[in-house]
*Asks:* 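Please see the structure below; I have some questions.
Along the sequence shown, residues carry numbers from 1.
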Amino acid sequence: MAEIVAGGTGSLEITDGSAIIGGDEKNILAKYGEILQQDLKHVKLFQPDFKSRDKILGQVRSLTKTEPVDLATAIMEYGKWVATGQNILASLSRLEFRPDTKTILKWGVDPDIEAIQYFKLNHYAGRRSFLPSRYMNAGIKLDIHTTMLLLLGASLTLVGNRRIGTSNVAVHLSYQDPGARNLWESLGRFMADVGYQTEPLIIFRLATAFRLRVPAFQPIAIFEISLAGNKPALISYHTVELDHYLSRFVEALGADRFLENLMIFALRNWNESRRELRLVAQAAYNIALSIYLILTSSSVDSEGELFRIARYTYETTSDEFARALIHCRRSLYLSPQLSVDDAKSEFRRLLAKVVNALETTKGP
């Protein structure tokens with residue numbers, strides 16, 4: 001909805017239990033139809049979704065007088081139909097909760113489409129925990145218009161996929177305020193840079209601080225869905241935020257990009273097993289952890305905490321860490337002619353800058 005009204009010069013107000021779209025209805029519907037006709041990413045359907053898919057195709061055929069043979073074509077044909085100015089906003093505003101019946105939620109006018117698995121994640125998780133298996137089928141009914149809206153939302157927020165072990169994980173980035181669109185685009189590009197890797201979260205938060213800069217609780221959420229098995233599973237969900245101290249630290253660090261590049265490198269290579277990559281990624285994790293400890297605790301000494309990292313990196317009797325930096329120099333945007341002594345010097349300089357920035361941040 002936020003994406004639709006942002007392009008259709010409309011407004012969006014989210015209240016308890018409903019979302020109200022305001023503005024020129026013709027412009028909003030034209031924008032909605034335009035977005036539906038884009039080359040959208042496809043949300044995975046699971047075995048229980050096949051009956052719903054057939055019903056969606058049948059109702060789109062009835063509305064558009066076309067013959068879509070798959071969900072992607074159906075969404076495009078429906079988008080063309082919406083763009084002609086059909087009045088569907090009344091359907092999108094009708095939401096009814098019915099916890100006292102087998103159908104717990106109805107959305108739209110005469111809803112008769114069983115919601116696809118993607119939209120039942122939270123309900124299934126709760127029912128698995130508290131009720132017998134025979135009650136696991138969530139009673140969520142939608143009409144064709146709300147089904148298409150949710151499919152579009154899931155498609156627009158799907159920014160990429162990554163692997164966890166043998167499982168494929170869909171990574172979504174959503175926003176609920178039209179004013180957050182530019183930030184959403186920036187974070188989408190950033191997540192592509194790190195291979196949609198959001199863990200360890202402590203590195204991810206520090207890395208995103210270099211992109212966000214301004215401290216705030218953002219109307220943006222990141223959630224990850226495991227696509228393994230016969231039903232999807234929500235494996236993580238967190239909002240994007242930047243606290244005041246972290247913002248001050250990034251500002252105090254200045255224009256130096258070494259720490260930012262180090263955090264991005266660690267995220268992108270966190271699951272790599274090669275020793276050189278592991279050494280650099282682990283050092284990045286320890287720096288991120290130390291920064292958080294120092295910023296959130298007045299009793300932690302900046303120099304002492306960072307000296308602990310220095311002892312096993314550039315101050316060790318072995319040159320292994322320095323050689324690991326040389327091996328990763330291109331990804332870290334370091335000099336192609338980097339020597340062992342240069343690598344030690346660069347890392348020493350980085351830790352010194354981090355200590356100075358932390359001291360400035362913790363000051364009055």
Side-chain angles (χ1 to χ4, degrees), residues 190 193-194 199-216 240-270 276-335 337-364:
F190 165 74
D193 290 343
V194 299
E199 298 170 348
L201 185 57
I202 198 164
I203 298 180
F204 185 82
R205 286 196 63 190
L206 182 54
T208 54
F210 288 100
R211 300 293 175 98
L212 299 181
R213 297 286 176 171
V214 180
V240 176
E241 58 185 296
L242 177 60
D243 61 70
H244 179 68
Y245 279 115
L246 193 55
S247 175
R248 287 184 60 190
F249 167 75
V250 170
E251 183 180 353
L253 196 63
D256 193 305
R257 295 287 301 275
F258 191 8
L259 183 60
E260 179 182 358
N261 294 338
L262 188 63
M263 295 299 123
I264 291 173
F265 173 88
L267 284 170
R268 193 166 53 231
N269 295 282
W270 188 253
E276 297 92 343
L277 306 185
R278 293 299 310 154
L279 283 172
V280 177
Q282 186 62 48
Y285 176 83
N286 290 336
I287 292 174
L289 180 60
S290 297
I291 289 170
Y292 269 98
L293 286 174
I294 293 165
L295 291 177
T296 57
S297 175
S298 59
S299 62
V300 179
D301 173 54
S302 302
E303 291 190 16
E305 186 67 21
L306 272 298
F307 179 71
R308 180 178 62 83
I309 297 173
R311 284 195 323 186
Y312 75 84
T313 54
Y314 66 83
E315 287 195 349
T316 179
T317 54
S318 167
D319 291 335
E320 186 178 21
F321 180 75
R323 296 190 185 282
L325 281 180
I326 294 172
H327 180 82
C328 305
R329 63 187 181 277
R330 289 185 179 179
S331 298
L332 296 170
Y333 298 97
L334 297 173
S335 169
Q337 288 79 39
L338 196 70
S339 66
V340 169
D341 289 338
D342 292 337
K344 291 181 178 180
S345 177
E346 279 292 306
F347 205 74
R348 182 186 301 111
R349 183 186 62 81
L350 172 65
L351 292 188
K353 288 203 70 172
V354 169
V355 169
N356 290 336
L358 287 168
E359 290 299 319
T360 301
T361 304
K362 292 185 68 176

*Asks:* Answer whether the closest heavy-atom distance between the side chains of I291 and L259 falls below 4.5 Å.
*Replies:* yes
*Asks:* When you measure from the side chain of R278 to the backbone of W270, do you find a donor-acceptor pair of N or O atoms at a distance under 3.5 Å?
*Replies:* yes
*Asks:* Nearest 0.5 Å please: distance from the CG atom of L246 over to the OG1 atom of T208.
*Replies:* 7.5 Å
*Asks:* How far does CZ of R268 sit from CG of L277, to the nearest 0.5 angstrom?
*Replies:* 10.5 Å
*Asks:* Can you tell me how far CD of E276 sits from CD of E320, rounded to the nearest 0.5 angstrom?
*Replies:* 8.0 Å
*Asks:* Please step through side chain to side chain contact (heavy atoms under 4.5 Å, CB included) for the pair Y314 and L351, ending with a clear verdict.
*Replies:* CA-CA 10 Å; Y314 66 83; L351 292 188; 3.7 Å; yes
*Asks:* So, the side chain of R248 versus the backbone of T361: is there a donor-acceptor pair under 3.5 Å, distance only?
*Replies:* yes
*Asks:* With a 6.0 Å cut-off on ring centres, are F190 and F204 close enough?
*Replies:* yes
*Asks:* To the nearest 0.5 Å, tell me how far L325 CG sits from L338 CG.
*Replies:* 7.0 Å
*Asks:* Looking only at heavy atoms, which two atoms of I264 and D193 are closest? And how far apart?
*Replies:* CG2-O, 4.4 Å
*Asks:* Determine whether more than 12 heavy atoms belonging to other residues, nucleotides or ligands lie under 6.0 Å from atom CD of E251.
*Replies:* no
*Asks:* Any side-chain heavy atom of I309 sitting closer than 4.5 Å to one from S290?
*Replies:* yes
*Asks:* For A288 versus I203, what's the shortest heavy-atom pair and its separation?
*Replies:* CB-CG1, 4.2 Å
*Asks:* Taking the side chain as C-beta and beyond, is there a heavy-atom pair between Y333 and R257 under 4.5 Å?
*Replies:* no
*Asks:* Give a yes or no on whether a salt bridge exists between R211 and E260, defined as a side-chain N under 4.0 angstrom from a carboxylate O.
*Replies:* yes
*Asks:* Which value, rounded to the nearest 0.5 Å, describes the distance between E346 atom CD and K344 atom NZ?
*Replies:* 14.5 Å
*Asks:* Ignoring hydrogens, what is the shortest heavy-atom contact between I326 and S339? Give both atom names and the distance.
*Replies:* CD1-C, 3.6 Å
*Asks:* Report, as yes or no, whether the 6.0 Å neighbourhood of atom CZ on R308 holds more than 12 heavy atoms from other residues, nucleotides or ligands.
*Replies:* yes
*Asks:* Judged by atom type as modelled, is there a donor-acceptor pair below 3.5 Å linking the side chain of T313 to the main-chain atoms of A310?
*Replies:* yes
*Asks:* So which heavy atom on L350 is nearest to which on L262, and how close?
*Replies:* CD2-CD2, 4.0 Å
*Asks:* Does A322 offer a backbone N or O that forms a donor-acceptor pair with the side chain of D319 under 3.5 Å?
*Replies:* no
*Asks:* Walk me through whether L358 and L306 qualify under side chain to side chain contact (heavy atoms under 4.5 Å, CB included).
*Replies:* CA-CA 11 Å; L358 287 168; L306 272 298; 4.0 Å; yes
*Asks:* Yes or no on side chain to side chain contact (heavy atoms under 4.5 Å, CB included) for N269 and V280, after CA distance, side-chain angles and deciding distance?
*Replies:* CA-CA 9 Å; N269 295 282; V280 177; over 6 Å; no
*Asks:* Quick one: does any side-chain atom of S247 pair with a main-chain N or O of H244 as donor and acceptor, under 3.5 Å?
*Replies:* no
*Asks:* Going through the checks in order, is the side chain to side chain contact (heavy atoms under 4.5 Å, CB included) test met by R349 and D256?
*Replies:* CA-CA 11 Å; R349 183 186 62 81; D256 193 305; 2.5 Å; yes
*Asks:* Are there over 12 heavy-atom neighbours, none belonging to F210, within less than 6.0 Å of that residue's CZ?
*Replies:* yes
*Asks:* If you compare all heavy atoms of Y312 against all heavy atoms of A283, which two are closest, and at what distance to 0.1 Å?
*Replies:* OH-CA, 3.7 Å
*Asks:* Do the non-hydrogen side-chain atoms of I287 and F347 ever get within less than 4.5 Å of each other?
*Replies:* yes
*Asks:* For the atom pair CD (Q337) and CZ (R329), what is the distance rounded to the nearest 0.5 Å?
*Replies:* 8.5 Å
*Asks:* Of all heavy-atom pairs between L279 and F321, which one has the smallest distance, and what is that distance?
*Replies:* O-CE1, 3.8 Å
